[in-house]
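These notes are about the structure you will find just below.
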Amino acid sequence: MKNKSAVNPILDYLLRFFKGVFIALGFILPGVSGGVLAAILGIYERLLAFMAHPLKHFWLNVRYFLPVGIGALVGIIALANPIGWLLANYNLIVMWAFAGAILGTVPSLYKQAGQNGRGKSDWLVLTLAFIVSLAFLANMDNLFGQLPANFASWLLAGALIALGIIIPGLSPSNFLLLLGLFDPMITAFKAGSLSVFFPMAIGALLALALFSRLVAAILDHYYSKLYHAILGIVLASTLLIVLPPVADYSQLDLMQGILALVMFALGCLLGWWMGGLEEKYK
C-alpha cells in the first residue's frame with residue numbers, strides 16, 4: 001500500500017532550493033538574519049549539526065543541503081541587483097513586505113520553541129533576548145566605524161555572514177551597512193567578483209570552524225532556552241526592519257503607506273503559508 005505521507009522527491013528538492021533562495025536574503029537584506037530564516041524554515045538545527053560535525057553523515061547531509069546551497073548561490077546572484085534597486089527606490093515597501101513575511105512564520109517558530117515544554121524561565125529568556133538585541137541593534141551605528149573595502153575587510157564580511165547563520169538574529173547586512181561594506185558587497189555580487197567571493201568564503205569557513213560546535217552544544221543542552229531567545233531576537237529584528245534608519249520614511253506619502261501595509265499583509269500570508277508548508281513536509 002502506498003504511503004500517503006511520503007514526500008514527492010521533486011517537490012522536496014524544489015522546496016529546499018527555494019529555502020536556499022530565501023535564506024540568501026539574509027545575506028543581502030539589512031535587518032535580516034540568515035540563521036533566523038533557517039530556523040523559521042526548519043533547517044537550522046540540521047545545518048548547525050552538519051557545520052559542527054561535518055564528517056558525521058557527510059554524504060547524507062551533502063545531498064540534503066546541495067539544493068539549499070544552490071538556491072542560496074542563485075539567490076545571491078539573481079537577487080542582488082533587484083534587491084539593490086528595490087531598496088534604493090522602494091525601501092519602505094520592501095522592508096514592510098519582508099517584516100510581514102517574517103511575522104507570518106512566527107507562529108510556526110513559537111510552536112517549535114515550545115515543543116519540549118515552556119516555563120517561566122523561557123519567557124524570561126525571550127523577554128531579555130528581545131530587550132538586549134533591540135538595544136544592541138539599534139545602537140550599532142554608535143559602536144562601529146567604517147572600513148575600507150580590501151582583503152581583510154572581506155574576510156571579516158565572510159565571518160559575519162557565517163555568524164549570521166550560526167547565531168540566529170545576527171544580521172550581517174546590518175553590520176556591513178554600518179561598516180561601509182554593504183554597497184561594495186552588493187556591487188561585487190552583481191559582478192560575480194572572485195576577488196570578493198574568495199576572501200569572504202575563507203572568513204566564513206574560519207567562523208564556522210570556530211563557533212559552530214559551541215552553538216550546537218548550547219542547542220543540545222538548552223534547546224528551549226535557545227529557541228525562545230531566537231524568538232525574542234526575531235521579534236526585535238523585525239521591529240527594527242520597519243524603523244529608521246533601516247526603513248526610509250523620508251519620501252512617505254499616502255499611496256506609499258497604503259502599498260507598504262498591503263505588502264505587509266501579503267508578506268504575513270506568505271510567511272504563514274511557508275510555515276504551514278514546512279510543518280507538512282518536515
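Note: hydrogens, waters and symmetry copies are ignored here, and every other heavy atom, side chains too, is used. Start at 1 with the first residue, then count along the sequence.
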request  = Treating Ile, Leu, Val, Met, Phe, Trp and Tyr as nodes and any side-chain heavy-atom pair under 4.5 angstrom as an edge, say whether Ile76 and Phe18 lie in one connected cluster.
outcome  = yes

task = Please report the closest heavy-atom contact between Ser250 and Asp248, naming both atoms and the distance.
result = OG-OD1, 2.7 Å

inquiry  = Taking Leu210 as the starting point, is it possible to reach Leu214 by hopping between hydrophobic residues whose side chains are less than 4.5 Å apart?
reply    = no

inquiry  = What's the separation between atom CD in Gln256 and atom CD1 in Ile93, rounded to the nearest 0.5 Å?
reply    = 5.0 Å

query = Taking everything shown except Tyr222 itself, do over 12 heavy atoms lie less than 6.0 Å from its OH?
reply = no

task = Kindly give the heavy-atom pair with the smallest separation between Met51 and Leu208, and that separation in Å.
result = SD-CD2, 3.1 Å

query = How about Asn116 and Ser224: does a side-chain donor come under 3.5 Å of a side-chain acceptor?
reply = no

query = Can the positive tip of Arg16 be found less than 6.0 Å from the middle of the six-membered ring of Phe65, inside 45° of the ring normal?
reply = no

message = With rounding to the nearest 0.5 angstrom, report the CG to CG distance, Leu48 to Leu226.
response = 8.5 Å

inquiry  = I'd like to know if Tyr223 and Leu47 are part of one continuous hydrophobic network [Ile/Leu/Val/Met/Phe/Trp/Tyr, side-chain heavy atoms within less than 4.5 Å].
reply    = yes

key: Close aromatic pair by centroid cut-off 6.0 Å: Phe197 and Phe189   = yes

ask   = When hydrophobic residues are tied together by side-chain contacts of less than 4.5 Å, even through go-betweens, does Leu252 share a cluster with Val94?
value = yes

remark   = CG of Leu103 to CG of Leu235, rounded to nearest 0.5 Å, is 7.0 Å

query = Side-chain heavy atoms under 4.5 angstrom apart, residues restricted to Ile, Leu, Val, Met, Phe, Trp, Tyr: same cluster for Leu73 and Val68?
reply = no

ask   = Which atoms form the tightest heavy-atom contact between Ala229 and Ala129, and what is the distance?
value = O-CB, 3.4 Å

note = Of all heavy-atom pairs linking Ala157 and Leu176, the shortest is CB-CD2, 3.6 Å

pair Leu155-Met200: side-chain heavy atoms closer than 4.5 Å = no

Polar side-chain atom of Asn61 near backbone of Lys56 as donor-acceptor pair, under 3.5 Å = yes

inquiry  = As a quick check of understanding, evaluate side chain to side chain contact (heavy atoms under 4.5 Å, CB included) for Val62 and Phe50, giving each step before the final call.
reply    = CA-CA 9 Å; Val62 167; Phe50 181 34; 4.1 Å; yes

remark   = Separation between OG1 (Thr238) and CH2 (Trp96), nearest 0.5 Å, reads 11.5 Å

4.5 Å side-chain heavy-atom contact, Leu92 and Tyr249 = yes

key: Nearest heavy atoms of Tyr13 and Ile70, plus distance in Å   = OH-CD1, 3.9 Å

Side chain to side chain contact (heavy atoms under 4.5 Å, CB included) evaluation trace for Phe17 with Val21 = CA-CA 7 Å; Phe17 172 83; Val21 174; 3.9 Å; yes

ask   = Atom CG of Leu206 and atom CG of Leu156: how far apart are they, to the nearest 0.5 Å?
value = 11.5 Å

task = Would you name the heavy atoms of Ala72 and Ala24 that are closest together and state the gap between them?
result = O-CB, 3.4 Å

request  = Verify, without hydrogens or angle tests, whether Ser212 (side chain) and Ala209 (backbone) share a donor-acceptor contact under 3.5 angstrom.
outcome  = no

query = Rounded to the nearest 0.5 Å, how far does CG of Leu37 lie from CD1 of Ile23?
reply = 6.5 Å

task = Check for a donor-acceptor pair, side chain of Asn89 on one end and backbone N or O of Leu86 on the other, with a separation under 3.5 Å.
result = no

message = A side-chain contact here means heavy atoms from C-beta on lying under 4.5 Å apart; do Phe182 and Ile186 qualify?
response = yes

request  = Tell me whether the guanidinium CZ or amine NZ of Arg63 lies under 6.0 angstrom from the six-membered ring centre of Phe58 and within 45° of its axis.
outcome  = no

query = Mind checking whether Met185 and Ile161 have side chains closer than 4.5 Å, heavy atoms only?
reply = yes

message = Just checking Trp85 against Tyr90, ring centres under 6.0 Å apart?
response = yes

ask   = Can you check whether Phe264 and Phe98 have ring centres sitting under 6.0 Å from each other?
value = no

query = Is there side-chain contact between Ile165 and Tyr44, with heavy atoms separated by less than 4.5 Å?
reply = no

query = Cut-off 3.5 Å, side chains only: do Glu45 and Tyr227 have a donor facing an acceptor?
reply = yes

message = Go through it in stages, so that I can follow the logic: the residues are Ile233 and Phe130, the test is side chain to side chain contact (heavy atoms under 4.5 Å, CB included), and I'd like the CA-CA distance, side-chain angles, deciding distance and then a yes or no.
response = CA-CA 5 Å; Ile233 295 170; Phe130 176 82; over 6 Å; no

